[in-house]
Every structure is written in structure tokens, then in C-alpha cells.
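Contents: one structure, followed by commentary.
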Protein chains: 2
Amino acid sequence: MSYVVRPWALRDLKDVMRLIREAATFHKALDQVKTTPEALREDGFGTDPKFGCLVAEVPPDQRSKDGHTIVGYQFHYFRYCTWAGRIIFGEDLYVMPEFRGKGIGTSLLSQVAKLMLDHGGKQFRFMSANWNHPATALYKKLGAVDVTASDNWVIWHIEGQAVQEMAQRATQ
Amino acid sequence: MSYVVRPWALRDLKDVMRLIREAATFHKALDQVKTTPEALREDGFGTDPKFGCLVAEVPPDQRSKDGHTIVGYQFHYFRYCTWAGRIIFGEDLYVMPEFRGKGIGTSLLSQVAKLMLDHGGKQFRFMSANWNHPATALYKKLGAVDVTASDNWVIWHIEGQAVQEMAQRATQ
């Protein structure tokens, strides 16, 4: 099987949105997907894109059972760590089930690692679910370190009413 | 005790660097601090700052035992979540020990929440160490949810030799 990994283009918006929804479904979190193709277009293209996206594409004769040629994506942006300096964060990595085990995930991650080093970044960070054992095995094989275990980090989210109340406190 | 929370300025670089080092020492990770005042100036100011920083400042007559008036900081940047859209990430929050328990941490967080909402953001994310019980109590009180517990997320880092090897794979 052949495939290419390339930066996304406007024509990929619909496919990337489809894959975002597939990935969220895999995480049993489809109800949390509030983004839209319009929002992704507005924030991902133009003179000041808020994030980057790579897609994995197969030739038409190797398309998926339901006719898709964009079979995986990786979503990323630069961040800034007060300890390490410039780093890259991988928000999503997803490969359609029928295209797994062919190295596409590793190719997507490798391109992001290269992009990061080309821009003077020092560290590639990302998250996964602790029950996703194939992903965990791949990340360990690539040399990634689970810092929630090694350094006892916890991730917090504040949203909705709670964050509105916090912000109100700032203006009082 | 009175204090103000304000965006940092060039004159605060030395103080913020001091507090970054104090915070890393608290996390027993001073050896991981590779950033410099020069890097922070280059990446934090100018036409395209890579991050924002708020500082908490007390009047000169209430300065710390060792003479400092910048007694806390909060370091943040916008990120992009494929589910929630635009969000803000709080990289660091630190208040000097002798100024804790006075609401400075809550003020810093509240200003970031306001900043996020003002820019159309939907969620405020940050991390803490699971052994930092006073911080955990504060975050829970403010309505934050620990998603490492509720959603089983794990954070991975790849850096150094491992990330170099990944990137090499991309160019082969």
C-alpha cells in the first residue's frame, strides 16, 4: 500500500472534519465536538493560522471501502514551555481502522517531529487515552515518556458556567 | 495587603525568570529550565508574541523579605482543540510562599479566564502536580475538572535523541 503525508489544503476540510468526528466517536465523545468546517477554515488558513494539520492520502485505487482517500490526520500547533522553550503539541492523531498497522501513524508523527525541529522546537507533546493500548505501545516504542506517571501531572479543564464565574471575578 | 494583576512588560523579564526558577524548584525540576531572559524577550514581545504573561505586583512598602515587588505570575497562550475550538492553556501559575492565601492565585486565574472569553475561547486548561494539595483544592473550588481522572488522559513527551530519530524517519 502506498500513501503520502502532506499538509492539509482547503479541499481536505470536509475529510478532516469527518475524521475528527470518527476520532471523537472512538473516544465516546462525539457530543463534545463543537467545531465546524467553517471554524476550521477560518482558524486554520489565512495569514495567521492557529494550528497546522497533516493528512495521509492513498491513491484512488486503494481508497477505503466507503470511498475515501484521506485516511488519517494529525493536528498540531506550537506552544511555549517556560522550562523547555518552544515545543509542539499534537492535539489529534487518527488513522482509519482499515488503514492501521501500515506505518501511517508513525509517518504522521515523524513529519511533526521534523517540523518541530525545523522551527527550533525542543519537545513534542501529545495526549492519549490510557485504555488505548495500541497507541500506548507505539508511543513507547518511539521513545515517548508518560509524564502523568513519571512526573505526576494532572490536567484540569474549566469551561461553561464555571469559567464565566471566574471571569466575572476579574471584572469586579 | 494590596496588589495589582497586570500584563507583564519588558521590565518584568528578570522577575519572571526568577519566579519561573522558583516554581521549577518547587517541582524539583530546576535542571529542566533551559529558557533564558533573552529567549523570553524574543518570543514573548514584538509583533507576534508566542505567549502572554500576567504578573502580580505589590506596592514597595509591602515587598517581599528579600526586596521583590513582583510576587506571582501566570503564563498562558491560546491553543486549538478539534472538539472545543479556541481554548487557552495556562502553562504556569506561581505565587511566592509568603504571599499565598491572599487570593492572588485566584486573581491571576480569573484574569486569564476573562482574557479567554474576550477572545472567543471556550475552555481554560492547565496542569498541576497531583501532590500539590493546596492547588488541587483551589482548582476544584473554582469548578475545574481533573480530566486525567474523569477521561483517562495520559500526557506524553518526546524529546532529545528520540525526537531526532523520529524526524530522521520523516526525511528518509
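Order of the sequence lines sets the chain letters (A, B, ...), proteins ahead of strands, with each chain counted from 1. The structure presented is a predicted model; accordingly, all values stated were derived computationally and were not measured.
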Is any side-chain heavy atom of Thr136(B) closer than 4.5 Å to a side-chain heavy atom of Asn130(B)?
-> no
Pair count under 4.5 Å, heavy atoms only, with chain B: among Gln164(A), His157(A), Gln123(A), Glu165(A), highest is His157(A)
Should the pair Glu159(A)-Lys122(B) be classified as a salt bridge under the 4.0 Å nitrogen-to-oxygen rule?
-> no
Portion of Asp146(A) that has a non-hydrogen atom of chain B nearer than 4.5 angstrom = both
List the steps and the verdict of side-chain hydrogen bond (donor to acceptor under 3.5 Å, both in side chains) for Tyr94(B) and Glu22(B).
-> CA-CA 8 Å; Tyr94(B) 184 74; Glu22(B) 270 192 39; 2.8 Å; yes
Considering only heavy atoms, which portion of Leu117(A) lies under 4.5 Å from any heavy atom of chain B: side chain, backbone, both, or neither?
-> side chain
Under 3.5 Å side-chain donor-acceptor pair for Thr35(B) and Trp83(A) = no
Which bit of Arg21(A) comes within less than 4.5 Å of chain B, counting heavy atoms only: side chain, backbone, both or neither?
-> neither
Donor-acceptor side-chain pairing of Ser128(B) and Trp153(A) below 3.5 angstrom = no
Quick one: of Gly90(A), Ala23(A), Ala113(A), Gly121(A), who has the most non-hydrogen atom pairs under 4.5 Å with chain B?
-> Ala113(A)
Considering only heavy atoms, which portion of Tyr77(A) lies under 4.5 Å from any heavy atom of chain B: side chain, backbone, both, or neither?
-> side chain
Given a strict heavy-atom distance threshold of 4.5 Å, which part of His27(A) is in contact with chain B: side chain, backbone, both, or neither?
-> side chain
Near-ring test Phe78(A)/Tyr80(A), centroid separation under 6.0 angstrom | no
Part of Thr106(A) lying under 4.5 Å from any heavy atom of chain B | side chain
With only heavy atoms counted, which part of Met116(B) is less than 4.5 Å from chain A, the side chain, the backbone, both or neither?
-> side chain
Within residues 62-72 of chain A or reaching into it, pairs that qualify as side-chain hydrogen bond (donor to acceptor under 3.5 Å, both in side chains) - sequence neighbours excluded | Arg18(A)-His68(A), Ser64(A)-Asp66(A)
Taking the six-membered ring for Trp and the single ring otherwise, decide whether the centroids of Phe99(B) and Tyr3(B) are under 6.0 Å apart.
-> no
With a 4.0 Å cut-off, would you call Glu91(B) and Arg125(A) a salt bridge?
-> yes
For chain A, which residues of residues 44-55 of chain B have heavy atoms nearer than 4.5 angstrom = Lys50(B), Phe51(B)
